[in-house]
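Worksheet: the structure to be examined is printed underneath.
Sequence positions, counted from 1, serve as the residue numbers for this chain.
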Amino acid sequence: MAKKIAVGIATRKRPKLLDGCLTSLASIKIPKQAELCFIIVENDEKLTIEPVIEKFKPKLIASGKKQASIHVGFEPEIGIPSARNKVMDIAMAAKCDFLAFIDDDERARTDWLVELMKVQVNTNADLVGGPVWRIRDPSENFGLFQRMVSKALLQHYNKSKPRKMRRTSIIATGNWLCCMRFVEENLLRFDTSLQLTGSEDVKFDKDLVAAGGCKAWTENAVVEEIVTADRASLNYIFTRERETQKTLYLVKQKYRKGYLYAIGEIFLMALFGILCRVILVPFDNGRSLVKIIMKAGRLTGHIEAVFGHSGSNIYRTVTGD
């Protein structure tokens, strides 16, 4: 019996990036004995992505996927958890067996979904993930400093390939396949208390494991995230790392270990994450500079979280496009 697989995307005010994502999805291979559908939810007050969807339809037909259905919806409550829950609701209503998530600023390689499903079938995992490699936006003109920063970012994020899935690794929704039966049986949802902070996928991962779910990882299911020019700035890098660290600290509830433990972590981050790299800044084409900014952002977020400043709203401002 054919399995029904949904590919879900939550998007907001990024039509150009969404168009690129959908163009890549039009070319993906369909797993054997699978029925494919696409669920695109716009996280805004009204639906504005119809022109992008209309461009997507003939691309599906041209690639031999005219049977694939497209479900389009919108979620007026601003926040990625609400948008992803809406995607999940539509997948449940469509009686999908599996739901795969990809971000609207990513591109899927042709064998992406096939590789995710291959691992799911072989392991019977409830949640499967794969790597996200960053690439510089080929459609934008980067200034000299932006090129240096973006190159350092790509080296940082892509340095670990290939990497094996560790038991403690978090599977993020940028490259994510979940069994919908397990989701329904255990009433799993993305936590809407994290509307604008991020890390709702970290919380979902922890909730799935707590419910007895098993995870698997594949290096072969690759998606690529587009690094746009506005993300190749030290201010953006610092802010994103600070806000992400605040949320992660609270999601993982590290504060339960006490203030002395937290202060020790802060000291080690400052010593080994920042001070030891300062001497390398003039010699490695921006790599140490970017790492110092990242570590400084995490350190600031860590301190703010320890002392109760948890009001992260990183996703209120849209970047890209």
Transitive ILVMFWY cluster of Leu17, excluding itself - 4.5 Å side-chain cut-off: Ile135, Ile226
Using a 4.5 Å cut-off on heavy atoms from C-beta on, say whether the side chain of Leu154 contacts that of Val227. yes
Pairs where residues 64-91 contributes a residue and the test ring-ring contact (aromatic ring centres under 6.0 Å, His included) is met, not counting sequence neighbours: none
Indicate whether any N or O donor in one side chain lies under 3.5 Å from an N or O acceptor in the other, for Thr300 and Arg242. no
Within-4.5 Å side-chain heavy-atom neighbours: Arg298 and Met294: yes
Check: Lys66 and Leu60 side chains under 4.5 Å, non-hydrogen atoms: no
Is the NZ atom of Lys151 crowded by more than 12 outside heavy atoms at less than 6.0 Å? no
Residues in side chain to side chain donor-acceptor pair (under 3.5 Å) with Gln33, at least two apart? none
Roughly how far, to the nearest 0.5 Å, is SG of Cys21 from CZ of Arg14? 10.0 Å
Close side-chain approach of Lys215 to Val128, heavy-atom, < 4.5 Å: no
Any pair counted as salt bridge (charged side-chain N to carboxylate O under 4.0 Å, His left out), so long as it reaches residues 55-65, sequence neighbours left out: Asp19-Lys55, Asp19-Lys59, Glu54-Lys57
So salt bridge (charged side-chain N to carboxylate O under 4.0 Å, His left out) across residues 112-123, not counting sequence neighbours, yields Glu115-Lys118
Flag the pair Leu234 / Leu289 as yes when at least one side-chain heavy-atom distance between them is below 4.5 Å, and no otherwise. yes
Separation between CD of Gln146 and CG of Leu144, rounded to the nearest 0.5 Å: 10.0 Å
Please check if Val121 and Trp217 belong to a single hydrophobic cluster, counting links between Ile, Leu, Val, Met, Phe, Trp and Tyr side chain heavy atoms closer than 4.5 Å. no
How about Thr110 and Ile28: do any of their side-chain heavy atoms sit closer than 4.5 Å? no
Sorted by first residue and then second, give each salt bridge (charged side-chain N to carboxylate O under 4.0 Å, His left out) pair with at least one member in residues 140-150; sequence neighbours left out. none
Identify, with sequence neighbours excluded, every residue that meets ring-ring contact (aromatic ring centres under 6.0 Å, His included) alongside Phe38. Phe56
To the nearest 0.5 Å, tell me how far Ile170 CD1 sits from Asp205 CG. 4.0 Å
Minimum side-chain heavy-atom gap Met117-Ile5 below 4.5 Å: yes
Salt-bridge criterion met for Lys246 and Glu304 (N-O under 4.0 Å): yes
Side chain to side chain contact (heavy atoms under 4.5 Å, CB included) with Val223: which residues, sequence neighbours excluded? Ile102, Glu106, Ala108, Trp112, Val132, Asn175
In terms of side-chain geometry, is the basic nitrogen of Asp137 or Arg231 positioned less than 4.0 Å from the acidic oxygen of its partner? no
Which distance, rounded to the nearest 0.5 Å, do you find between the CD1 of Ile78 and the NZ of Lys13? 7.0 Å
Per the side-chain hydrogen bond (donor to acceptor under 3.5 Å, both in side chains) rule, what does the pair list look like for residues 178-188, sequence neighbours excluded? none
Close side-chain approach of Leu22 to Ile40, heavy-atom, < 4.5 Å: yes
Quick one: SG on Cys179 to CG on Asn124, what's the gap to the nearest 0.5 Å? 7.5 Å
Exercise answer: donor-acceptor pairs, residues 81-94 side-chain atoms, under 3.5 Å, sequence neighbours excluded:
| from | atom 1 | to | atom 2 | distance (Å) |
| --- | --- | --- | --- | --- |
| Ser82 | OG | Gln195 | OE1 | 3.2 |
| Ser82 | OG | Gln195 | NE2 | 2.6 |
| Arg84 | NH1 | Thr173 | OG1 | 2.9 |
| Arg84 | NH1 | Glu200 | OE2 | 2.3 |
| Arg84 | NH2 | Asp103 | OD1 | 2.9 |
| Arg84 | NH2 | Thr173 | OG1 | 3.1 |
| Asn85 | OD1 | Phe190 | N | 2.9 |
| Asn85 | ND2 | Pro81 | O | 3.2 |
| Asn85 | ND2 | Phe190 | O | 3.0 |
| Asp89 | OD1 | Arg189 | NH1 | 2.7 |
| Asp89 | OD1 | Arg189 | NH2 | 3.3 |
| Asp89 | OD2 | Arg189 | NH2 | 3.4 |

Which residues pass the side chain to side chain contact (heavy atoms under 4.5 Å, CB included) test with Asn235, not counting sequence neighbours? Ser233, Thr239
Name all residues meeting the side chain to side chain donor-acceptor pair (under 3.5 Å) criterion together with Lys3; count only those two or more places apart in sequence or in a different chain, and write none if there are none. none
Can you tell me how far apart CG (Asp104) and NZ (Lys16) are? Round to the nearest 0.5 Å. 12.5 Å
